[in-house]
Amino acid sequence: MANAGFAAVFRELADYLELKGENPFKIRAYRRAADTLESLSEDAAQLAREGQLKNIQGIGTAIEEKTLEIADSGTLKALEDLRAEYPPGVMDMTKVPGIGPKTASLIFRELGVAGIDQLEEAARSGKLRTLPGMGQKSEENILRAMEKLKEEDMARIPLAIADRLSASLIDFISSHTEVSEIAAAGSVRRRKETCGDVDIVLGIEDSSGIPDLIRSWSGFLGTCFSDEDRVTFTAEGDVEIDVSIVRPEEFPFALLATTGSKLHYAGLKSVARKLGLRLSGDGLFYETGKKQGAISEADIYEALGMEYIPPELREMTGEIDAALERRLPRLLVAGDILGDLHMHTNWSDGRESPESMVEAAKALGYEYIAITDHSKSLKVARGLSETKHMKQLEALGRLRDRFAGIHVLSGIELKILKDGSLDYPDSILSHFDIVVASVHSAFGQPEGVMTGRIVKAIQSGSVDIIAHPTGRVLGRRLGYDVNMDTVIQEAVRHNVALEINAYPERLDLDSTWARKAKEAGACIVINTDAHNVNELRFMSYGLDVARRAWLEQPHVINTWHLSKLQDWLKRRRMRA
DNA sequence: GCCGTTTTCGGCCCGACTGTTTTCAGTCG
């Protein structure tokens, strides 16, 4: 089992122990261990066998033994017992904002309610208010929260998870059989922030062994459907995977069709029709029935008289006309990113020292980074006091002298307080090279209040970047109620950059808002919000969003060289 | 469950907010 698999088991165990009301520190220990295992470069099972795993910070004998048990049996007895005790629907109820583990388990114990639908029924029929500690108001809040959940499809899986599954399956298939070509398609390939399922296209001469091969993959749960040109099945985490099997010469056509989006593909078909051609999943045909060959997708776009359209743009939002007129944007690539302006260290809630973060960023080839630990009021993240922050400034100064080839900006992630005022006065903030501000409390404010609060921070003149502007967390929390059009407008007016937060559970701004922000003339920054050195690699997910948003190099301030970035920061300060 | 040690158990990241109570438990960040 891969390290991510062990991590998933310990996370699930922690979730169940929370339902049971176990010691919170034990629960935290499992979650910390899961994080550690996931970012471990060595094989956890091997280390456990050698008795070395427990030497890692945060992992002791108990977790080493459990890791061995998982490696040997594929599961954990303790977890299986808990799964038998609670139906799966109980955990689902904790997705509803306002319902935590205690309430979910109370509702299950007292009312036998185990699932979102039953929960809604219980709330509507006034049963919830009969429970101790719950009244009419709780019932109304729960119903309102469920309405909001329905607006957004919370069942969709974050891209990072879909990515891991599809990469793992592709690796498995291509290392166990002779394939001509294999690739992820669908929303994974379009790099959509969340995916409904995982699509894979496989080009192969002889497909007879494929269904059996897939059944032997470690992530396989059960088959839904299988014949010679398609296998549909569920994989770990209840994710549906759809493998299309085609002959090698059909591969580019099938890949194009399966990548979609549906609307984009329909648009391509209509372009083909105007040229007297017919485009389908197995080829491009002349009216005479004669087939036009293609060895790649690029050939097909060429045959249709247009530029190659990168998968990220295939959403039918103007890309076809732009490609016909050969005016597609030059999308960002990894090499365009010259720095990362939002990350944490062990001074607040990060795991590693500023030195380690700088070293890792240097290894990524960055020209500069900003260390941005939390300000004092964010106690849960061990926010720094003013005094401590001043000490960190001195430490960063010494660090700057020690590292050649990468510039360390002193920054801060500043909490925007409930009323829109800032956690520190300007007399303190003026000491920092860069100020990243964000909302971390009072998420339930009405739209007008929340918008005014963020706008006030933008207008303060002390803030350079608004981080994760909508506050959403994928699969867990919708964004707060905020008028983003107003925020964008004010950000443009005051020359404050809006962040694309690359953390896989955030991806905030999303691509739709990022594109609107760009079109309004806003500056954008792509940051990882990394809490350890591995998370600096999340930048690629931020790039995906930026590409989907049609962003180009001039729009994104961390593609600028240091001198230009510093000029921008200086000009902002002078105006304030 | 892990850690650190002042070697064998106590501390581990805290505080605001809400809705229910009538002094607090649960949720959230």
Side-chain angles (χ1 to χ4, degrees), chain A residues 6 9-11 13-37 53-67 69 76 78-79 93-107 109 123 128-145 344 346-351 373-385 388 413 415-419 423 438-446 449-450 467-468 470-473 476-480 501 503 505-506 508 529 531:
Chain A
F6 294 112
V9 173
F10 287 122
R11 284 211 184 92
L13 183 64
D15 289 346
Y16 274 113
L17 293 177
E18 213 167 26
L19 277 185
K20 263 193 104 79
E22 257 282 5
N23 175 1
F25 296 105
K26 189 197 266 194
I27 294 163
R28 195 182 301 160
Y30 279 124
R31 296 216 166 109
R32 206 172 36 222
D35 288 343
T36 307
L37 287 172
L53 195 64
K54 60 176 173 294
N55 297 337
I56 294 172
Q57 182 74 230
I59 296 178
T61 44
I63 289 183
E64 180 174 271
E65 278 168 21
K66 285 189 165 68
T67 304
E69 185 189 336
L76 199 60
L79 177 60
M93 296 197 292
T94 63
K95 288 238 171 87
V96 180
I99 295 189
K102 291 267 161 50
T103 313
S105 120
L106 173 77
I107 294 172
R109 271 201 325 272
L128 288 187
R129 72 182 73 172
T130 64
L131 296 175
M134 304 200 76
Q136 187 180 348
K137 211 144 186 188
S138 313
E139 220 167 43
E140 284 165 8
N141 285 344
I142 285 172
L143 280 172
R144 226 189 346 264
H344 300 274
N346 56 10
W347 283 66
S348 66
D349 62 344
R351 277 232 311 267
D373 278 313
H374 292 286
S375 61
K376 63 180 177 192
S377 292
L378 200 64
K379 302 287 185 190
V380 64
R382 290 203 303 271
L384 273 60
S385 65
K388 204 107 188 269
E413 183 173 8
K415 195 169 153 179
I416 302 174
L417 304 178
K418 231 179 117 174
D419 62 353
D423 210 6
S438 58
V439 167
H440 276 279
S441 60
F443 277 49
Q445 289 177 332
V449 178
M450 182 60 86
H468 39 77
T470 77
R472 74 157 175 190
V473 179
R476 220 174 59 226
R477 187 176 80 213
L478 301 171
Y480 27 74
N501 188 293
Y503 216 80
E505 283 105 51
R506 288 195 184 268
D508 172 19
D529 203 351
H531 285 67

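Numbers restart at 1 for each chain; the letters A, B, ... are given by sequence-line order, proteins then strands.
- As judged by a 4.0 angstrom heavy-atom cut-off over every strand, A/Phe25 is placed among the base-contacting residues.
- We find that A/Asp15 and A/Arg31 are joined by a salt bridge, their nearest charged nitrogen and carboxylate oxygen being less than 4.0 Å apart.
- Taking the P atoms as reference points, B/dC2 lies 16 Å from B/dC13, given to the whole Å.
- With rounding to the nearest 0.5 angstrom, the OG1 atom of A/Thr36 is 8.5 Å from the CD1 atom of A/Ile63.
- Taken to the nearest 0.5 Å, the NZ atom of A/Lys102 stands 8.0 Å off from the CD atom of A/Glu18.
- Look at A/Lys418 and you'll find a side-chain N or O under 4.0 angstrom from OP1 or OP2 of B/dC17.
- Heavy atoms only, all atoms of each residue included: A/Pro97 and A/Ala145 are closest at O-CB, 3.7 Å.
- B/dT18 adopts an anti glycosidic conformation, its chi angle falling more than 90° from 0.
- Looking at heavy-atom distances under 4.0 Å, A/Gln136 makes contact with sugar-phosphate atoms alone, never a base.
- The interatomic distance linking A/Asn346 (CG) with B/dC13 (P) rounds to 13 Å, in whole Å.
- For the pair A/Ser138 and B/dT20, the criterion of a side-chain N or O lying under 4.0 Å from OP1 or OP2 is met.
- Atom P of B/dT20 sits at a distance of 14 Å from the matching atom of B/dT27, rounded to the whole Å.
- A/Asn55 places its CG atom 12 Å from the P atom of B/dC2, with the value rounded to the nearest Å.
- With no hydrogens or angles considered, a side-chain donor-acceptor pair links A/Ser438 and A/Glu413 at under 3.5 Å.
- Of the residues near DNA chain B, A/Gly135 and A/Pro101, the one whose nearest nucleotide (by heavy atom distance) lies more toward the 5' end is A/Gly135.
- The nearest whole Å value for the distance from the NZ atom in A/Lys415 to the P atom in B/dC28 is 16 Å.
- Side-chain atoms of A/His440 lie closest to B/dG29 of the nucleotides B/dC28, B/dG29, B/dC2.
- Across B/dC13, B/dG26, B/dC28, the shortest atom-to-atom separation from the side chain of A/Arg382 is found for B/dC13.
- Between the NZ atom of A/Lys102 and the C1' atom of B/dC28 there is a distance of 13 Å, rounded to whole Å.
- The CG atom of A/Leu37 sits 15 Å away from the P atom of B/dG1 (whole-angstrom rounding).
- When both distances must be under 3.5 Å, the Watson-Crick or G-U wobble mate of B/dT8 does not exist.
- Here the separation of B/dT8 from B/dC3, taken at their C1' atoms, is 12 Å to the nearest Å.
- The P atoms of B/dG26 and B/dT21 are separated by 13 Å, rounded to the nearest whole Å.
- Between A/His531 and A/His374, the ring planes lie tilted relative to each other; the angle falls in the 30° to 60° range.
- Counting all heavy atoms, side chain and backbone alike, A/Thr67 lies closest to A/Phe6 at O-CE2, 3.4 Å.
- The nearest whole Å value for the distance from the NZ atom in A/Lys95 to the C1' atom in B/dT27 is 17 Å.
- Closest approach to the A/Lys66 side chain among B/dG1, B/dC17, B/dC14 is made by B/dG1 (side chain taken as heavy atoms from C-beta onward).
- Taking the side chain of A/Lys137 as heavy atoms from C-beta on, and the options B/dC13, B/dT20, B/dG29, the nearest nucleotide is B/dT20.
- Distance CD (A/Glu140) to C1' (B/dT18): 14 Å, rounded to an integer number of Å.
- Within the nucleic acid shown, A/Ile56 comes within 4.0 Å of sugar-phosphate atoms alone, with no base atom in reach, counting heavy atoms only.
- Within 4.0 Å (heavy atoms only), A/Pro132 reaches no atom of the nucleic acid at all.
- Smallest separation of non-hydrogen atoms from A/Trp347 and A/Lys388: CZ3-O, 3.6 Å.
- Residue contacts for A/Pro24: at a heavy-atom cut-off of 4.0 Å it reaches no nucleic acid atom on any strand shown.
- Using P as the reference atom, B/dG11 and B/dT5 are 16 Å apart when rounded to the nearest Å.
- Across B/dT23 and B/dT18, the matching P atoms stand 22 Å from one another, rounded to whole Å.
- Nearest-nucleotide assignment on DNA chain B puts the 5′-proximal partner with A/Ala442, out of A/Ala104 and A/Ala442.
- Side-chain atoms of A/Phe443 lie closest to B/dG29 of the nucleotides B/dG29, B/dC13, B/dG1.
- Taking atom CE of residue A/Met134 and atom P of nucleotide B/dG19, one finds them 11 Å apart after rounding to whole Å.
- Between B/dT27, B/dC2, B/dG19, one nucleotide has an atom nearer to the side chain of A/Asn141 than all others, and that is B/dG19.
- Among the heavy atoms of the strands, none lies under 4.0 Å from A/Leu378.
- Here, B/dC14 and B/dC9 have their P atoms 24 Å apart, quoted to the whole Å.
- For A/Pro97, whose side chain is taken as the heavy atoms from C-beta onward, the closest listed nucleotide among B/dC12, B/dC28, B/dG1 is B/dC28.
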